[in-house]
Amino acid sequence: MEESRLKKLQVLKERGLSYPYKFKTSSTIGDVRKRFEKDVEYKHITLKGTVKRVSSVEDGYLVRLVDSRGVEILVLTKEELSQGKEYKLSGLLGRYEGKLCLFSAVSIDSGEAVQIEDIKKEYDLDPNFEEVSLAGRLVALRSMGKALFGHVQDGTGKIQIYLKRDVLGDERFRDFEELVDVGDVLGFRGKLFRTNTGELTLEVEDFLVLTKSLHPMPEKWHGLKDVEVRYRQRYLDLIANEEARKIFLLRSKVISQIRRILDMEGFIEVETPTLQQVASGANAKPFITYHNYLEQNLYLRIAPELYLKRLIVGGFNRVYELGKNFRNEGVDTTHNPEFTMLEFYVAYWDYEDLMEFTEKLMEELLRTVVGGMRITYKGRELDFTPPFRRYSYFELLEKKTGKGMDFFLKDLEGLRNLAGNIGIPKADTLTHAKLIDKVFDVLVEDELWGPCFVVDFPKLLSPLAKSHRKNPELVERFELFVAGKELANAYTELNDPFEQRERFLAQLKEREMGDEEAMQMDEDFIRALEYGMPPTAGEGIGIDRLVMVLAGVDSIREVILFPTLRQR
RNA sequence: GAGCCGGUAGCUCAGUCGGCAGAGCAACGGACUUUUAAUCCGUGGGUCGCGGGUUCGACUCCCGCCCGGCUCACCA
């Protein structure tokens, strides 16, 4: 804790001015800005002005361009403009952190230019001294002697404040100067106006210290970079880094849109056990915990699948669950021990229906969350306009190896050699199923930029999927690949209890042969199938990975608020 | 689990060949009533991740450990 801040808090406490119970705001900061800032639809314009300041930002320069009357506008350009010189700049008008900004600007020699002031009048409305109460964290402070500027921020946005000694009175003005630090959470009452440079600003008539920050804030220009601190103290990341706020707002939007879309389709949302007697429904190692009263081990679920299908047996024909799965495995850029999964099941659909629905779901997500069908990920374009391409599992393998399905399913020795040759470790001990899986993983997966479906998987990789109606060696299963990552896995569900038992038994054999992740037998689930599960199709979508793609980040920890880290 | 990289002021980062620990921001004092990475003048601030070793002398070289990142392995 910083000593000077503690002293200020002491004074506030002595005067009964700290930690009030309530401060009534008239709206959020973001709402105020939205009301006085008209949407701009990236139209092409040319502006004339003098360069006041140039700051280098990632991928170019952020320029403050000013007209003869002092009205300012931001310009993002790749050109190196010199300070104090006049330019004619042509680019796309948009908003940068809420402020009007000319994007991708290039300097030109001739042509008509619009006045900065006119553009700002058109899109930045006059707040006309409207009275508001706002609260937020003070993130910047610029003292000018008898007046003082700052910025106040919350999760919805940022707004400038202006404190004038004339307006506030000598005593309150001195209080602010002496007791307030950058980082404190403050409440303000005042009138909205625009400064000479055109920025929406709250002229403060009164303020209240709502809580003090006893630690200094991260550096204002470079932000908080230390990834370890960003993950362990995510609140600092959210305060300091706009990008982090954007990602988690996007994640929230993705989740609420998924709920909306599924609800519209007649699904009901359900919750099934996280603590399970048998951890089954996926190939993974579970976390084990102990229940004192029941005097037994319980497993954290690795998948909700078998419970959701019990609900289909029960007559809930369209169910989904959006929740956490837990897998006791390695941690890396695409794996966190707890992760969020959407699973949904539909009676009387098959996997063809699911593919169609998946396209619709993705299209709708892109439309509502991203605002278009195209995104750039790792420098490459992804286009989610349906229909997505479909590739058959074994055709992909054949294209890579020249070997057909029979080779992979029948010639175990040949497959083992092939796996060894392409550098798969422990190729001589892996089970048949694992070998096929690995070879596909190594040879094919990375190239599935997609979005695309891989369809018709080998049966021995899919113990819960129904046999393919055209080929008994295959199952009716597909995976959705985007950017070389598996985003969704789905199949026509196996609903024959006898066959399901056989498949579980085959898994137990795999387990005996050394595959620790082979699926566990679930007798209770088989009994449910014996009561009759209608023809059903089900799908799982990894929400974290989906958000990674939509947010354009390549580590899962960037989309999980508090990723699992080693204890300090 | 293995390899590589990193950990220096509250934050972002420099630190040469082994020779007194540095800058910017933040803090503190002062000037400034439309600033916005404000500006100008001045001041204070360090367990150099932790523990050993080599050396007259270690942020720097060596060994071990901790934490993180990336790659690989494992794993949907």
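Sequence lines set the chain letters: A, B, ... in the order given, protein chains first and strands last, and positions in each chain run from 1. All values below come from the heavy atoms of this structure, side chains included, with hydrogens, waters and symmetry mates left out. All values reported here derive from a predicted model rather than from experimental measurement.
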Q: Consider the side chain of R566(A), meaning its heavy atoms from C-beta on, and name the nucleotide among C74(B), A38(B), G68(B) that approaches it most closely.
A: G68(B)

Where do N or O atoms of nucleotides 41-44 of chain B meet protein N or O atoms at under 3.5 Å, pair by pair?
none

Q: Would you mind telling me which of C32(B), A37(B), C75(B) lies closest to the side-chain atoms of W221(A)?
A: A37(B)

**Q.** Which nucleotide in C28(B), U34(B), A38(B) has an atom nearest any side-chain atom of R53(A)
**A.** A38(B)

Q: Give the intermediate values and the outcome of side-chain contact (heavy atoms from CB on, under 4.5 Å) for residues V444(A) and Y393(A).
A: CA-CA 9 Å; V444(A) 183; Y393(A) 188 91; over 6 Å; no

Q) Which part of the nucleic acid, if any, lies within contact of R545(A), taking any heavy atom under 4.0 Å across all strands shown: a base, the sugar-phosphate backbone alone, or nothing? A) sugar-phosphate

Q.
Quick check for you: among C70(B), G69(B), C28(B), whose closest atom lies nearest to any side-chain atom of D181(A)?
A. C28(B)

(Q) Under a 3.5 Å threshold, yes or no: a donor from one side chain and an acceptor from the other, between E199(A) and H151(A)? (A) yes

Q) When rounded to the nearest Å, what value does the distance between P atoms of A38(B) and G24(B) take? A) 16 Å

(Q) Say we look at G44(B) and G22(B): how far apart would their C1' atoms be, to the nearest angstrom? (A) 15 Å

(Q) Distance check, C1' atoms only: A58(B) and G15(B), in whole angstrom units. (A) 14 Å

Q: Indicate, with a heavy-atom threshold strictly under 4.0 Å, whether A282(A) touches base, sugar-phosphate, or nothing.
A: nothing

Q) Side chains of T195(A) and Q160(A): do they bring a donor and an acceptor to under 3.5 Å? A) no

**Q.** Nearest-angstrom distance, C1' atom, A23(B) to C32(B)
**A.** 26 Å

Q. Should the pair R477(A) and Y351(A) be classed as cation-pi, given the thresholds of under 6.0 Å to the six-membered ring centre and 45° from the axis?
A. no

Q.
Using a heavy-atom cut-off of 4.0 Å across all strands, would you classify K52(A) as base, sugar-phosphate, or nothing?
A. sugar-phosphate

What N/O pairs connect the protein and nucleotides 8-11 of chain B at under 3.5 Å? Give each pair on its own line.
| unit_1 | atom_1 | unit_2 | atom_2 | d |
| --- | --- | --- | --- | --- |
| C11(B) | O2' | E219(A) | N | 3.0 |
| C11(B) | O2' | G223(A) | O | 3.3 |

Q) For K8(A), which contact category applies under a 4.0 Å heavy-atom criterion: base, sugar-phosphate, or nothing? A) sugar-phosphate

(Q) Using the P atom as the point on both nucleotides, what is the distance between G46(B) and C41(B), in whole Å? (A) 25 Å

Q. Does any N or O donor sit under 3.5 Å from an N or O acceptor when you compare the side chain of E199(A) with the base of U35(B)?
A. no

Q. Would you say the side-chain atoms of R194(A) pair up with the backbone N or O of L125(A), donor to acceptor, closer than 3.5 Å?
A. yes

Q: Please measure how far the C1' atom in C13(B) lies from the corresponding atom in G53(B), and state the result in whole Å.
A: 30 Å

Q: Check every strand shown and say whether Y231(A) touches a base, only sugar-phosphate, or nothing at a heavy-atom separation below 4.0 Å.
A: sugar-phosphate

Q: Would you classify R477(A) as touching base, sugar-phosphate or nothing, given that sugar-phosphate means primed atoms plus P, OP1 and OP2, and contacts are heavy atoms under 4.0 Å?
A: base

Q) Counting any heavy atom closer than 4.0 Å, what does R557(A) reach on the DNA or RNA strands: base, sugar-phosphate only, or nothing? A) sugar-phosphate

(Q) Can you confirm whether the side chains of Q115(A) and R69(A) place a donor and an acceptor under 3.5 Å from each other? (A) no

Q: In whole angstrom, give me the gap between the C1' atoms of C66(B) and U55(B).
A: 26 Å

Q) With sugar-phosphate meaning primed atoms plus P, OP1 and OP2, does L565(A) contact a base, only sugar-phosphate, or nothing at under 4.0 Å between heavy atoms? A) sugar-phosphate

Q: Give one of base, sugar-phosphate or nothing for S55(A), where a contact means two heavy atoms less than 4.0 Å apart.
A: base

(Q) Considering every strand and a 4.0 Å limit on heavy-atom distances, what is the contact class for F481(A): base, sugar-phosphate, or nothing? (A) nothing

Q) Looking only at atom C1', what distance separates U8(B) and C56(B), rounded to whole Å? A) 25 Å

Q. Across the strands shown, which category fits R232(A) at heavy-atom distances under 4.0 angstrom: base, sugar-phosphate, nothing?
A. sugar-phosphate

Q) Base, sugar-phosphate, or nothing for T334(A), non-hydrogen atoms under 4.0 angstrom? A) nothing

Q: For H335(A), answer base if it contacts any base atom (sugar-phosphate contacts may also be present), sugar-phosphate if it contacts only those atoms, and nothing otherwise; contact means non-hydrogen atoms under 4.0 Å.
A: base

Q. Can you name the side chain to side chain donor-acceptor pair (under 3.5 Å) partners of K191(A), sequence neighbours left out?
A. E205(A)

